[in-house]
Amino acid sequence: MKSVSCSTCLLKSKAAENLEDAELNILGQSCVEVVFQKGETIFKQSALSSNIIYLQSGMVKLIMAGPQRTQILRIKKAPCYLGLPTTMGDKVNHYSAVAVEPTTACFIDIVAFKQLLRLNTDFSNEITIELCKNELEQFHRCVKLVQSHVFGRMAGNLLYFANEIYRSDEYDLPLSRNELADLAYTSRETVSRLLSDLAKEQVIKIQGKHIQIINKTMLQKISEKG
DNA sequence: GCATTAACCACAG
DNA sequence: CTGTGGTTAATGC
């Protein structure tokens, strides 16, 4: 197993910034770095999980097989931790993580991770904060998904990519139309229609996966009124 | 009833 | 993998 030097890592998490040298050694000795290509699965629903994953770079989708179909729970961009709920909460994963672009991930042994949580309270605090923020975001997303119509859901996701993921009103979607449908809980066909309607109304401009938001105020209105 | 919404099916590029 | 058109079931006015 290739040992990783976490102390010199330039892509350290905010939480790991709090670790002492000795603690970083513990981390380095129970941590491996893996590169994933687009479409590769990082961990799978129903499989046993004994690792916490830290995303150094790249982007993933968290997906869960539901009773009807597969749902994208959310898109996560590095840097961030993955699998805290699914590894700490149960023996097996309750959802899968799949890379949607080339991604580098550190696999951290759960025993070492728990040890660090005990040793360093600042580290634990940061982890707790990240988990709490995630929960809040998920609650909002849940309510939005359930209570708004397709236009609102779609607009919300387009804004999410612009504001949270790319921090730009112009970006290349890493997802196919089908995946957008899984994200907004709609059909592939509806996604196509919505996007071309929005383009017709001059709210956005689309060229394949390239999205440009032209009328953001309008898009926000659509997202809110849903 | 009638209109609207959005899913499902089919088919073409 | 996408975009479009037709059909259809559910819901609202």
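Quick caveat, the model's predicted, so the values are computed rather than measured. Keep in mind that the numbers below use all heavy atoms, side chains included, and drop hydrogens, waters and symmetry copies.
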In terms of hydrophobic clusters joined by side-chain contacts under 4.5 Å, are [X] and [Y] together?
{"X": "A:Leu82", "Y": "A:Val98", "result": "no"}
{"X": "A:Leu117", "Y": "A:Ile52", "result": "yes"}
{"X": "A:Tyr81", "Y": "A:Leu11", "result": "no"}

Just wondering, more than 12 heavy atoms not from [X] lying within 6.0 Å of its [atom1]?
{"X": "A:Lys44", "atom1": "NZ", "value": "no"}
{"X": "A:Glu17", "atom1": "CD", "value": "yes"}
{"X": "A:Lys205", "atom1": "NZ", "value": "no"}

| When the ring centroid of A:Phe107 is compared with that of A:Phe43, is the distance short of 6.0 Å? |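 Between A:Phe107 and A:Phe43, the centre distance exceeds or equals 6.0 Å.
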Nearest whole Å is fine: how far is [N] [atom2] from [X] [atom1]?
{"X": "A:His210", "N": "C:dT2", "atom1": "NE2", "atom2": "P", "result": "16 Å"}
{"X": "A:Leu180", "N": "C:dT2", "atom1": "CG", "atom2": "P", "result": "9 Å"}
{"X": "A:Asp197", "N": "B:dT4", "atom1": "CG", "atom2": "P", "result": "14 Å"}

| message | Looking at C:dC1, I'd like to know if its phosphate oxygens (OP1 or OP2) sit under 4.0 Å from a side-chain N or O belonging to A:Lys209. | response |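 For A:Lys209, the contact criterion (side-chain N or O under 4.0 Å from OP1 or OP2 of C:dC1) is not met.
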| field | Any A:Ser192 side-chain nitrogen or oxygen under 4.0 Å from OP1 or OP2 of C:dT4 | value |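 Answer is no, no contact under 4.0 Å.
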| query | How would you list, by chain and number, every residue that makes a side-chain hydrogen bond (donor to acceptor under 3.5 Å, both in side chains) with A:Glu170, sequence neighbours excluded? | reply |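 In terms of side-chain hydrogen bond (donor to acceptor under 3.5 Å, both in side chains), with neighbours along the sequence ignored, A:Glu170 is linked to A:His210.
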| For nucleotides 6-13 of chain B, read 5' to 3', which letter fits each nucleotide if B means a protein heavy atom sits under 4.0 Å from the base, S means only the sugar-phosphate is that close, and - means neither? | SSBB----
| task | Take nucleotides 7-13 of chain C nucleotide by nucleotide from the 5' end and write B, S or -, depending on whether a protein heavy atom sits under 4.0 Å from the base, only from the sugar-phosphate, or from neither. | result | -------
